[in-house]
Amino acid sequence: MYKIVTKIFFSYGHRLLEHPGKCASLHGHNGTVEIEISGECLDSLGMLIDFAQVKSLINSWVEDHLDHRTILKAGDPLAEVLTDAGEKLFLMDRNPTAENLARLIFKAASSQGLPVSAVRFWETPASMAEYSGKE
């Protein structure tokens with residue numbers, strides 16, 4: 001089994017509804033996403049898939065949907081206020097935790113035909129969540 005991993009970096013704001021601690025307040029992160037691709041066979045160039053292709057597809061999706069946006073759970077009362085103020089939002093059906101963001105990006109990568117095996121979402125340099133698509 002071959003595996004490759006490429007990283008994407010982006011900035012975002014979020015808050016977690018019903019969180020008992022400081023994550024209930026609006027705050028920001030510089031996140032790192034690791035996209036892991038796995039497969040049994042290499043192409044004629046000796047590659048599983050070109051790093052540039054993976055990065056281009058996923059980086060474009062992240063930039064279009066998440067980068068420098070406030071990510072909130074749908075129904076968050078801040079959504080209307082921030083939208084009215086002209087802020088760019090991304091609304092999720094779940095709290096925007098590292099776990100749920102890893103799942104979201106995994107599904108986005110899969111929907112673009114990438115044979116993604118895992119997404120690791122680093123919310124901080126010391127805190128990471130992984131999603132592998134096995135529910």
Side-chain angles (χ1 to χ4, degrees):
M1 175 74 66
Y2 295 97
K3 289 185 182 183
I4 65 164
V5 177
T6 191
K7 290 184 181 183
I8 294 167
F9 306 93
F10 74 102
S11 300
Y12 69 102
H14 75 153
R15 75 174 187 164
L16 304 179
L17 290 180
E18 301 179 19
H19 189 278
K22 61 186 178 180
C23 291
S25 297
L26 191 60
H27 62 286
H29 293 284
N30 290 315
T32 301
V33 179
E34 295 181 8
I35 308 293
E36 179 184 284
I37 306 289
S38 299
E40 296 289 335
C41 301
L42 302 180
D43 66 14
S44 63
L45 296 173
M47 293 189 283
L48 183 59
I49 189 170
D50 193 321
F51 287 111
Q53 180 184 1
V54 176
K55 193 162 190 168
S56 173
L57 287 170
I58 300 305
N59 198 49
S60 293
W61 189 90
V62 168
E63 282 184 9
D64 291 345
H65 295 88
L66 304 176
D67 188 38
H68 283 84
R69 293 182 187 259
T70 302
I71 305 170
L72 298 173
K73 182 178 180 184
D76 188 315
L78 274 181
E80 184 177 348
V81 173
L82 292 172
T83 299
D84 289 346
E87 293 295 321
K88 292 182 179 180
L89 303 181
F90 184 87
L91 300 178
M92 298 179 62
D93 61 348
R94 303 167 182 216
N95 250 343
T97 61
E99 295 86 347
N100 286 330
L101 288 165
R103 179 181 182 270
L104 175 74
I105 296 167
F106 182 98
K107 299 223 177 256
S110 295
S111 74
Q112 294 187 51
L114 292 173
V116 59
S117 52
V119 169
R120 287 178 284 282
F121 187 90
W122 291 85
E123 186 174 81
T124 70
S127 301
M128 181 270 292
E130 180 175 315
Y131 183 80
S132 63
K134 297 177 179 96
E135 301 207 31

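This one's a predicted model, so the numbers in the text were calculated from it and none came from an experiment.
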OG of S38 to CE of M1, rounded to nearest 0.5 Å, is 5.5 Å
With M92, which of T97, L72, I71 fulfils side chain to side chain contact (heavy atoms under 4.5 Å, CB included)? I71
Please find the pair of heavy atoms, one from Q112 and one from L57, that lie closest to each other, and give the distance. OE1-CD2, 3.2 Å
Kindly indicate whether the side chain of E123, heavy atoms from C-beta on, has any atom under 4.5 Å from the side chain of M128. no
Would you mind reporting whether I105 and L66 have side-chain heavy atoms less than 4.5 Å apart? yes
Contact between V5 and I35 at the side-chain level, heavy atoms closer than 4.5 Å - yes or no? no
Which class fits the ring pair H65 and W61: parallel under 30°, tilted 30 to 60°, perpendicular over 60°? parallel
List the atom of P96, the atom of L101, and the distance in Å for their closest heavy-atom pair. O-CD1, 3.8 Å
What I want to find out is whether D76 reaches R15 closely enough, with some N-O distance under 4.0 Å, to be called a salt bridge. yes
Note, F10 side chain near V33 side chain (heavy atom, < 4.5 Å): yes
Flag yes if V116 and M47 sit in one hydrophobic cluster, no otherwise; membership is Ile, Leu, Val, Met, Phe, Trp, Tyr, and two members link when side-chain heavy atoms are under 4.5 Å apart. no
Any side-chain heavy atom of Y131 within less than 4.5 Å of one from N100? no
Is the closest side-chain heavy-atom distance between K88 and H68 below 4.5 Å? no
Calculate, to the nearest 0.5 Å, the distance between atoms OG and NE2 belonging to S25 and H14 respectively. 11.0 Å
On a heavy-atom basis, the closest approach of D67 and E63 is CB-CA, 3.8 Å
Kindly give the heavy-atom pair with the smallest separation between L48 and I4, and that separation in Å. CD2-N, 4.2 Å
Is there a side chain to side chain contact (heavy atoms under 4.5 Å, CB included) between N30 and T124? Walk through the geometry before answering. CA-CA 7 Å; N30 290 315; T124 70; over 6 Å; no
Going hydrophobic residue to hydrophobic residue with side-chain gaps under 4.5 angstrom, can you get from V62 over to L91? no
Distance from Q53 atom CD to I37 atom CD1, nearest 0.5 Å? 9.0 Å
Group every Ile, Leu, Val, Met, Phe, Trp and Tyr by side-chain heavy-atom contacts under 4.5 Å, then state whether L26 and L89 land in the same group. yes
If we only count heavy atoms from C-beta on, is the S111 to K107 side-chain gap below 4.5 Å? no
With rounding to the nearest 0.5 Å, note down the distance linking NZ in K55 to OG1 in T6. 5.0 Å
Please report the shortest heavy-atom distance between S56 and S60, naming the atom on each side. O-OG, 2.8 Å
Between the CG atom in L114 and the CD1 atom in I58, the distance rounded to the nearest 0.5 Å is 5.0 Å
Is a side-chain N or O of H19 found less than 3.5 angstrom from the main chain of L17, in a donor-acceptor match? no
In short, A102 meets F121 closest at the heavy-atom pair CB-CB, 3.9 Å
Check whether N95 reaches the backbone of K73 with its side chain - one donor and one acceptor, N or O, closer than 3.5 Å. no
Is it possible for you to say whether L104 and W122 belong to one hydrophobic cluster, with membership spreading through side-chain heavy-atom contacts below 4.5 Å? no
Answer yes or no: is there a donor N or O on one side and an acceptor on the other, between the side chain of H29 and the main chain of G31, under 3.5 Å? no
If only side-chain N and O atoms count, and only distance matters, is there a donor-acceptor pair under 3.5 Å linking S117 with E36? yes
Same apolar cluster: Y2 and V54, side chain cutoff 4.5 Å: yes
